[in-house]
**Student:** 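My questions will all concern the structure given below.
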2 protein chains.
Amino acid sequence: MVQKDKNEFPRERILDEAELLFARKGYHAVTVREITTRAGCNLAAVNYHFGNKENLYLEVFKTRWFPRARRIMNAVDKALESRERISISAVIHAVASAFLEGPLTERERELHFQLMVRELAQPTEAFEIVAGQIMQPFFQKLGAIISPFLPGKMDEEQLMLSMFSVFSMILHLNFARVAVTRLTGREYDAAFRARLVGHIVEFSLNGLGGIYREESE
Amino acid sequence: MVQKDKNEFPRERILDEAELLFARKGYHAVTVREITTRAGCNLAAVNYHFGNKENLYLEVFKTRWFPRARRIMNAVDKALESRERISISAVIHAVASAFLEGPLTERERELHFQLMVRELAQPTEAFEIVAGQIMQPFFQKLGAIISPFLPGKMDEEQLMLSMFSVFSMILHLNFARVAVTRLTGREYDAAFRARLVGHIVEFSLNGLGGIYREESE
DNA sequence: GTCTATAGCAGGATAGAC
DNA sequence: GTCTATCCTGCTATAGAC
């Protein structure tokens, strides 16, 4: 049996380590030496495979972050497809659950949101992928699904702000764990994540206009 | 007339420039050379006044970030004192407005939240100030004010999560401006900020349990 | 494709004159 | 307190052997 624990391709190992380190410490705090050492290959490998450090960072988004974002979006789709009737409640639950409990492992989730927050706070070239290819289509699609259920008076901007609100909770509860743990005294285990999903759904459902609560299920 | 445009004390000028740069680019992306050059003083000044770069970063939180956080908290207090009867609506409005329109200038607000998000995403020693001296007392105080208005069934953890929800919106709408601007197409002028405050109040009020909406005013 | 070796430079920090 | 000059570490990137 050949060792399969670590990827056999140095290029892939570099991408894995780079993502981990960029997420945890930020672009400038990470050195190419650190990445290549942890990836078990030579310093020059980064330049050979990616040209330079900046390009490696971009490649992390293209080959790691982006596919994972797609996995989350697919999880939302799948959760909604399996239902006959769609309700706002179901949509919010599907979204919150996909992000907080969904297809990613805990480790992946942490990486994913850390990278995302870094780009939101201080956009680089990678922001184009995050915003243009993921966020915009995602919000657009979600808006189209839930707008028929909402009061006619809710205009497009209001809908967008509401989706931001929901998304901000999801984001916050994922990336500000240190604060959440400190102030609630709870660890991020499965039970707590389920609790968070429940809270987000309830809070958002009311926030979107409590009247629509009992529409289905 | 003596020139008062720039602070006469190099120590203060260093703190000002350091804050601006740390907020915009992050600790590791900023060099001591850049700070001292922009502060119009010598490279050695940072080591003389603060010992080293890390200590300067900490001092930025102690002498700049912390007082500003207090100004926001005072603004909340003041807004609530001026009312005879306190309602949940009034509390949420006071908080949202203090953070989004309050005593800070636009420039200060941007710095403030960028620094805060950096610490939330990746805590350093400064997190002790942010969490221990500001967030914890703030949430505790707010909780004490609004809990009497809430349904008895809402336990302490639920209350904490609700406050997180409100806070996450405020935080998100302040730090993820690039995304908000991109997806709504609106600039952060006074009108839009007022709109955001209105949205947060409405969304949160419902989120906390729509029934309590008309309690006062 | 992967390595060693090293160029070339920018970073934080300090010593010591003024 | 503020400056100049400098040390030295650690960085990215490349050249060239294998």
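In what follows, every heavy atom counts, from backbone to side chain, and hydrogens, waters and symmetry copies are set aside. Letters A, B, ... mirror the listed sequences (proteins, then strands); counts begin at 1.
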**Student:** D/dA13, C/dT2, C/dC3: which one has an atom nearest the side-chain heavy atoms of A/N47?
**Tutor:** D/dA13
**Student:** Salt-bridged, A/E108 to A/R64, with N to O below 4.0 Å?
**Tutor:** no
**Student:** Does some side-chain heavy atom of B/L173 sit less than 4.5 Å from a side-chain heavy atom of B/I200?
**Tutor:** yes
**Student:** Using a strict 4.0 Å threshold on nitrogen-to-oxygen distance, state whether A/E101 and A/R193 make a salt bridge.
**Tutor:** no
**Student:** Output the single nucleotide from C/dT2, D/dT12, C/dG12 whose closest atom is nearest the side chain of B/T31.
**Tutor:** C/dG12
**Student:** Looking at the side chain of A/N42, which of D/dT12, C/dT4, D/dC3 is the nearest nucleotide?
**Tutor:** C/dT4
**Student:** Among D/dT2, D/dT14, D/dT4, which nucleotide sits nearest the side chain of A/A44?
**Tutor:** D/dT14
**Student:** Answer yes or no: does a side-chain N or O of B/H49 lie under 4.0 Å from OP1 or OP2 of D/dT2?
**Tutor:** yes
**Student:** The side chain of B/L43 is closest to which nucleotide in this list: D/dT4, D/dA13, C/dA13?
**Tutor:** C/dA13
**Student:** Cut-off 3.5 Å, side chains only: do B/E187 and B/T181 have a donor facing an acceptor?
**Tutor:** no
**Student:** Look at the side chain of A/Y48 and decide which nucleotide, out of C/dG1, C/dT4, C/dG11, has an atom nearest to it.
**Tutor:** C/dG1
**Student:** Phosphate oxygens OP1/OP2 of C/dA10: is one of them under 4.0 Å from a side-chain N or O of B/R33?
**Tutor:** no
